[in-house]
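Data first, discussion second: the structure below is written as structure tokens.
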Amino acid sequence: MKNRWSDRDAKSCVDEYISRTVNEDLALRVYSSRLLGSEPELVLHGGGNTSVKTRIFDIVGKETEVLCVKGSGYDLKVIEPAGFPAVRLRPIREVFTLESMTDEELINVQRTNLFDASAPNPSVETLLHAFLPYKFVDHTHANAVLTLTDQKNGAQICRDVFGDTLGLVPYVMPGFALAKKAQEVFEQNKAVEGLLVLKHGIFTFGENAKESYDRMINLVTKAELEIIKRQNKRNSFPKKTPKSLISVSKLAPILRGMLALEQGGVKQSFVMDFRTSAKIRNFLESKELRVYGKKGTITPDHIIRTKAFPMVVPTPEKGKLEKFRKGCKKALDKYVYEYHAYFERNNGYRKGVKTELDPFPRVILIPSVGLFGLGEDAFAASVASDLAETNIKVISDVEAMGTFEGISEADIFDVEYWALEQAKLGPPSQKPLNQKIVAITGGGSGIGAATARVFSDAGAIVVVLDLNETSAPMVAEEINGFSLICDVTKVKSVAGAFGKICKKFGGLDILVSNAGAAWQGRIGEVDDTLLRQSFDLNFFAHQSVAQAAVRIFLDQKIGGCLLFNASKQAVNPGRNFGPYGLPKAATMFLMRQYALDYGEEGIRSNAINADRIRTGILNNDLITSRAKARGISKKEYMSGNLLRCEVKAEDVAKGFLHLALAEKTTGAVLTVDGGNIPAALR
Ligand code: ZN
């Protein structure tokens with residue numbers, strides 16, 4: 001493992017933070033924590049923790065010795081000084097005289113001794129950092145260390161490899177019990193450079209940041225070299241892979257729909273994240289798959305995000321979609337049954353005090369194809385995928401030299417249902433469109449961009465589709481969403497874009513079919529090409545995207561929502577606007593046809609009838625000329641409605657949101673035009 005320490009970088013980090021009144025100890029703590037955090041072979045997504053013991057002054061100038069330890073849930077890769085709450089050292093060291101402590105007592109001791117009352121919760125490993133007499137302490141879940149310890153004879157291997165350099169701590173539940181055990185081991189040999197917690201990870205320490213960091217890198221490197229030396233077993237031969245497989249974009253919605261939870265009468269599904277590589281596929285074809293399927297995770301740190309076991313589904317052979325669907329259903333039923341049984345077994349043993357979490361997997365393994373991570377949002381799904389990939393890597397390495405063995409089922413349960421561990425996930429977001437995947441055509445500007453913003457604010461995962469290669473990514477970046485370049489008038493381009501959405505997120509819940517453009521011409525003389533061009537964009541494109549969305553909805557079997565941008569022209573034609581109004585009128589009836597044909601499947605279809613929306617330069621010219629023709633100002637023209645107010649793109653966006661949330665409305669046209677009786681539906 002590369003040692004990334006640089007004296008120059010360390011100094012510039014210290015200089016920068018000292019100018020912001022952060023002391024040198026904490027500045028160096030931030031520097032080397034980030035070095036650890038940026039190495040995925042050491043820690044992933046908020047894993048690991050670090051600390052420094054230092055002295056700070058309180059409000060009356062009294063100097064106090066404190067432990068600045070990583071706050072629970074903070075990510076080492078990007079940590080700032082504020083991510084290290086300071087805890088008064090003396091009082092928290094005193095608890096080591098106790099025999100046991102409840103979680104509530106532990107949190108209380110840590111919080112009541114915080115130097116800053118508003119600081120985040122210190123790490124669950126705070127006590128372990130506190131008793132060690134060294135100034136700097138680093139803790140990681142290094143892959144190489146886990147590869148050595150997660151084996152049947154892991155303790156012996158570690159003893160052979162590390163000798164007296166590391167104290168070996170048997171696996172104990174993190175928190176007070178682990179801190180006590182670690183202290184006991186440390187007392188036996190205070191000359192160690194660190195502690196190895198079996199089937200969990202490694203702690204190193206030193207008098208300065210560099211010493212502790214160097215020890216971490218050196219020990220992990222030692223483990224890495226040992227693995228290379230010991231990997232003498234032949235890799236198991238892959239089974240014969242069927243030549244043709246169902247595409248990932250086709251099978252993703254099937255799985256996503258199957259894993260939907262009923263919440264308040266609405267089916268809510270996870271967001272998924274697909275991963276594949278030669279290494280993953282090789283693992284999925286090997287006998288090691290059974291190991292991962294049955295023996296749990298490589299470190300307890302992963303359990304809250306991946307659950308202890310993945311779900312394994314059958315190989316999706318092309319042309320056998322129904323067989324695959326049935327096989328998945330069977331696998332899921334089995335998974336849920338086994339999860340209930342696991343919960344009952346372990347909760348019963350602990351006097352039934354815990355409440356069961358949802359019984360669904362967070363990792364799905366698909367032989368010959370790859371894996372899906374599942375989560376409440378796109379980020380959580382990608383975290384599950386990252387951790388699953390790491391599990392595959394470590395278990396593959398273990399199985400190439402020995403036999404994988406993780407922590408026991410009882411230990412898994414204790415960690416999964418540990419309140420302090422669950423607290424790391426934070427309270428679930430309560431926005432109305434959480435977990436909903438939304439595609440918006442013409443999302444790069446005007447009404448589409450406004451809708452992207454409004455839906456994103458409502459918690460949705462928004463995919464901005466647009467022909468424009470610059471505006472779509474800009475909108476996506478602004479709302480932390482995603483963008484795809486798509487020509488909605490080309491069926492192939494539409495199929496490609498919707499396939500990508502399924503591959504990236506697992507499926508689709510809402511389509512806002514918004515892309516359109518206004519062509520003009522006197523109908524008796526209008527050029528046929530122009531009229532057909534308008535029909536292509538203002539009617540057929542709506543049909544293409546709606547069809548692509550409905551195909552996904554039907555595979556998911558959890559309903560769906562279609563929203564069309566109709567226009568005032570669809571209801572109340574304007575002179576010389578035939579080329580625009582005619583396809584729009586057809587689109588309004590298209591909306592109704594979808595409502596009629598797919599209501600039974602829970603698919604809703606609605607439209608918005610908006611008028612006089614300022615959306616761009618072109619449209620601005622049109623507004624100017626129309627106002628001029630009527631001899632009124634632009635402002636008067638824009639507010640020429642019953643409410644006498646200008647209707648904005650954002651108002652239309654809010655209308656779409658309203659329809660998306662109106663669970664009992666389908667086949668409806670919502671008017672967003674400030675009031676215009678000639679354009680009212682009758
Ligand atoms: Zn840990």
Side-chain angles (χ1 to χ4, degrees), residues 32-33 36-37 39-51 67 69-77 79 83-84 103 106-107 110 120-132 134 136-150 154 158 166-183 185-186 194-205 212-213 215-216 219-220 223 296-306 308 383 386-387 390-391 394 406-408 411-425:
S32 72
S33 298
L36 296 172
E39 179 54 76
E41 296 276 317
L42 287 177
V43 289
L44 275 174
H45 300 300
N49 41 65
T50 55
S51 69
L67 173 77
V69 61
K70 192 192 87 159
S72 196
Y74 278 76
D75 194 332
L76 290 178
K77 192 177 177 178
I79 201 154
F84 289 96
D103 289 347
L106 174 67
I107 292 174
Q110 292 185 1
N121 271 330
S123 161
V124 297
E125 319 267 32
T126 295
L127 292 181
L128 205 159
H129 286 261
F131 88 78
L132 288 163
Y134 290 91
F136 285 82
V137 179
D138 294 359
H139 168 48
T140 72
H141 308 126
N143 288 356
V145 170
L146 293 172
T147 305
L148 293 182
T149 154
D150 284 11
C158 292
L166 286 175
L168 293 195
V169 185
Y171 179 85
V172 178
M173 167 96 166
F176 183 71
L178 176 57
K180 283 282 275 193
K181 196 77 202 168
Q183 188 195 36
V185 171
F186 181 74
L195 296 170
L196 196 148
V197 185
L198 297 172
K199 302 185 195 302
H200 172 160
I202 177 173
F203 286 82
T204 56
F205 22 81
S212 185
Y213 174 78
R215 284 175 167 179
M216 178 65 75
L219 288 161
V220 170
T297 54
I298 53 170
T299 167
D301 191 60
H302 293 179
I303 293 170
I304 50 163
R305 292 176 173 91
T306 60
V383 169
D386 284 345
L387 299 181
T390 301
N391 267 265
V394 170
I407 61 173
S408 72
D411 287 330
I412 286 172
F413 182 85
D414 282 342
V415 172
E416 184 176 0
Y417 281 87
W418 189 24
L420 301 189
E421 197 65 6
Q422 284 294 336
K424 285 184 189 171
L425 298 177

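Along the sequence shown, residues are numbered consecutively beginning with 1. Numbering of ligands and ligand atoms starts at 1, following listing order. Keep in mind it's a predicted model, so treat the numbers as computed, not measured.
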**Prompt:** Parallel, tilted or perpendicular: which fits the ring planes of Tyr171 and His200, with parallel below 30° and perpendicular above 60°?
**Reply:** tilted
**Prompt:** If you leave out waters, which protein N, O or S atoms are less than 2.8 Å from the Zn ion (ligand 1)?
**Reply:** His139 NE2, His141 NE2, His200 NE2
**Asked** Looking at Val185, Val145, Leu195, Ile202, which hits side-chain contact (heavy atoms from CB on, under 4.5 Å) with Leu166?
**Response** Ile202
**Asked** Do the side chain of Asp75 and the main chain of Gly37 share a donor and acceptor less than 3.5 angstrom apart?
**Response** no
**Request:** Would you check if there is a donor-acceptor pair between the side chains of His302 and Thr297 at a distance under 3.5 Å?
**Result:** no
**Request:** List in chain and number order the residues that pass side chain to side chain contact (heavy atoms under 4.5 Å, CB included) with Pro40, two or more places apart in sequence or in another chain; answer none if no residue qualifies.
**Result:** Leu44
**Message:** Run Phe203 and His129 through side chain to side chain contact (heavy atoms under 4.5 Å, CB included) and show every step you take.
**Reply:** CA-CA 9 Å; Phe203 286 82; His129 286 261; 3.9 Å; yes
